[in-house]
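What follows is a short report on a single structure.
Protein chains get the first letters and strands the later ones, always in sequence-line order, with residue 1 at the start of each. These numbers come from a predicted model, not from an experiment. What you see below is based on every heavy atom in this structure, not just the backbone, and it leaves out hydrogens, waters and symmetry mates.
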Amino acid sequence: MNSEHGPIRDDQFEAYLDGTLSEAERAVILDQLQSDEDRRLEVELQGKIDEALRKSFPVVAAPEGLFLLTESDEALIEDQRRFNHRRWWVGGAVAAALIGLLLSWWGLDSGKPVPFFEPVPLAQIYRDTLQNGFHPYYECHDDKRFADIFATRQGMPMHLSPMPEGTRMLGLSYPGGLSRDTTAMLCMVDDAPVMVFVDHAEVDNKIAKKDAVPKVNVFRAERDGLVIYEVSELDEPRAMKFLEVGPAPADAE
Amino acid sequence: MRSPQDSKVKFPANLSAGQKGPMLAALYQSTFPQLTAVAAGVLGRQEGAEDVVQLAASIALSKKTQFESEASFLAWMYSAVRNCALNERRKRTRRRTFATDPSNLQLIDNEPNTADTKSVDPSSGELATDQTAFEDYLLAALQDLSEEARCCLLLRTVHELSYAEIAEILLIPQGTAMSHVHRSRQLLRKQLSSKKETT
């Protein structure tokens with residue numbers, strides 16, 4: 001603790017760890033840390049704690065099967081409400097008829113609950129993912145698992161061809177977008193975050209490019225019945241070209 | 001991040017439940033990560049947090065005609081998630097009452113911890129394969145924090161929210177949120193400083 005500024009106060013130190021100091025204050029603390037080994041160890045430990053917290057409590061996207069609201073739920077609730085209002089004076093026969101009606105209605109295909117889904121502009125998902133730390137839902141580094149995920153969700157396996165230096169895949173997320181099955185690949189290209197969205201071409205929706213976010217570009221391609229979007233702040237698509245239809249070459253042999 | 005006060009949208013008075021539904025579902029979807037963090041903060045672990053949020057959402061489904069604005073829905077959801085998580089935590093605490101000889105507990109407690117200590121996933125009963133002993137110690141140390149402090153810490157460290165946003169979500173003053181985060185970090189460092197070398 002031989003710095004000309006004296007020992008680091010606890011409140012200053014916590015503010016430094018919190019990232020709430022000004023540049024000037026931060027520079028002073030960095031200078032003081034040079035001669036304060038105990039505090040340096042604390043900084044290191046705090047980094048380890050934060051990392052463990054992020055790993056143990058990962059940011060989770062909303063589940064795919066979002067059954068919060070369905071058309072059928074609406075009707076069911078309305079029916080239930082009416083039933084409750086009349087139950088004091090409607091006889092058992094009427095109740096039985098109503099139950100029968102409900103049962104037959106449930107039997108019809110149109111009455112089946114359909115998970116609610118609303119397409120979301122991909123630029124908006126990109127922005128939200130960035131705000132949430134740009135963490136993939138699934139850090140997939142196994143070629144077979146990677147291919148299987150696309151086979152399950154998009155009906156055909158996909159693999160990554162070798163990426164050049166400076167480009168790396170972080171993992172996969174399932175953030176919605178075009179449909180509940182849209183699969184997103186998170187990448188870093190020259191330190192810029194990039195998202196590639198894949199889904200069936202038939203669910204392609206013009207909302208994908210709607211509500212443009214400033215400085216965010218959305219690129220589109222279509223391949224083998226799939227629609228592929230790349231979203232980033234880069235001027236050209238840099239990651240989608242590495243995503244190819246079919247199993248990884250080693251698996252295909 | 002959308003906190004209750006960020007959402008100024010007021011629903012038209014004549015909006016039916018059917019029209020309101022998709023709006024609420026979209027809000028729910030966009031705030032799901034933060035809602036889950038609040039649940040995890042109260043529970044003290046990630047497992048079960050998503051179920052708690054889904055439970056709160058299912059209750060919201062039956063109440064959606066009561067929400068006059070996005071803000072009222074979000075405020076209600078955060079409050080419901082906290083309450084559902086507290087109920088779940090109480091249930092777990094009750095389930096953990098064992099008729100065990102205290103001397104046996106002492107014996108187990110005195111056993112040296114090894115670097116390859118693994119925790120068990122309570123939902124599947126399987127070992128969490130990639131969980132390190134340090135993370136085990138961290139999860140244990142987190143139990144010494146208050147539920148509110150844990151929520152603040154997670155929303156700040158993992159979700160990188162501002163103190164203003166945390167304050168709005170948890171209905172506490174900004175200064176309290178900051179104090180919770182700083183004190184929690186100090187406490188965790190104090191408890192884990194001796195564990196760092198063992199892992």
Side-chain angles (χ1 to χ4, degrees), chain A residues 10-11 13-15 17-20 38-39 41-71 73-78 80-81 115-120 124-125 128-133 135 137 139 175-176 180, chain B residues 1 16-18 20-26 28-37 40-41 45-46 49-50 53-54 57-58 60-62 64-65 128 130-132 134-139 141-142 150 153-154 156-160 163 178 181-183 185-186 188-189 192-193 195-196 199:
Chain A
D10 281 351
D11 60 327
F13 185 64
E14 292 305 329
L17 293 174
D18 209 10
T20 51
D38 288 346
R39 287 296 198 191
L41 288 173
E42 278 196 81
V43 172
E44 188 189 312
L45 176 59
Q46 188 60 55
K48 195 168 173 172
I49 290 172
D50 290 350
E51 188 189 332
L53 272 176
R54 289 190 197 99
K55 189 176 162 198
S56 302
F57 296 89
V59 177
V60 288
E64 295 165 44
L66 183 60
F67 282 89
L68 178 63
L69 294 157
T70 68
E71 287 303 313
D73 286 338
E74 297 291 345
L76 203 61
I77 288 166
E78 282 303 314
Q80 191 71 47
R81 192 175 293 139
F116 174 81
F117 179 80
E118 188 175 33
V120 180
Q124 187 181 318
I125 293 177
D128 291 346
T129 308
L130 272 184
Q131 284 176 352
N132 287 325
H135 301 299
Y137 183 78
E139 289 180 21
R180 291 172 60 237
Chain B
M1 208 291 299
S16 71
K20 219 181 269 184
M23 292 182 182
L24 298 183
Y28 168 65
Q29 190 132 25
S30 65
T31 50
F32 188 85
Q34 288 81 31
L35 289 164
T36 309
R45 58 189 312 152
Q46 185 76 11
E50 291 178 51
V53 176
Q54 295 269 32
S58 68
L61 171 66
S62 61
K64 62 177 175 283
T65 51
D130 61 343
Q131 189 162 311
T132 63
F134 184 79
E135 287 154 16
D136 277 350
Y137 293 130
L138 172 66
L139 289 173
L142 282 172
R150 274 197 304 268
L153 184 66
L154 292 182
R156 180 70 181 168
T157 307
V158 180
H159 293 261
E160 295 173 354
Y163 287 113
M178 185 185 282
V181 172
H182 290 189
R183 282 186 194 168
R185 284 180 178 153
Q186 282 177 338
L188 292 177
R189 286 201 304 275
L192 296 171
S193 58
K195 309 293 185 190
K196 196 174 65 163
T199 56

With a 4.5 angstrom heavy-atom cut-off, is it the side chain or the backbone of [X] that approaches chain A, or both, or neither?
X        : value
B:Ala37  : neither
B:Leu142 : side chain
B:Leu154 : side chain
B:Thr157 : both

(message) Please determine whether a side-chain nitrogen of the Lys or Arg among A:Glu51 and A:Arg54 lies less than 4.0 Å from a carboxylate oxygen of the Asp or Glu.
(response)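 Salt bridge between A:Glu51 and A:Arg54, a charged N being under 4.0 Å from a carboxylate O: no.
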(message) Counting only heavy atoms from other residues, nucleotides and ligands, does the tally under 6.0 Å from CZ of A:Arg39 exceed 12?
(response)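 Yes, because the 6.0 Å sphere around CZ of A:Arg39 holds more than 12 heavy atoms from other groups.
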(message) I need the residue from A:Asp18, A:Ile125, A:Asp11 with the largest number of non-hydrogen atom pairs under 4.5 Å to chain B.
(response) A:Asp18
(request) May I have the step-by-step check of side-chain contact (heavy atoms from CB on, under 4.5 Å) for A:Val120 and B:Gln29, ending in yes or no? (result) CA-CA 11 Å; A:Val120 180; B:Gln29 190 132 25; over 6 Å; no
(message) Would you compute the distance between atom CD1 of A:Ile49 and atom OH of B:Tyr137 and round it to the nearest 0.5 angstrom?
(response) 14.0 Å
(message) Report which part of A:Leu17 has an atom under 4.5 Å of a heavy atom belonging to chain B: side chain, backbone, both, or neither.
(response)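 Both parts, backbone and side chain.
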(request) List in chain and number order the residues that pass side-chain hydrogen bond (donor to acceptor under 3.5 Å, both in side chains) with A:Gln46, two or more places apart in sequence or in another chain; answer none if no residue qualifies. (result)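 So A:Gln46 forms a side-chain hydrogen bond (donor to acceptor under 3.5 Å, both in side chains) with A:Asp50, B:Arg189.
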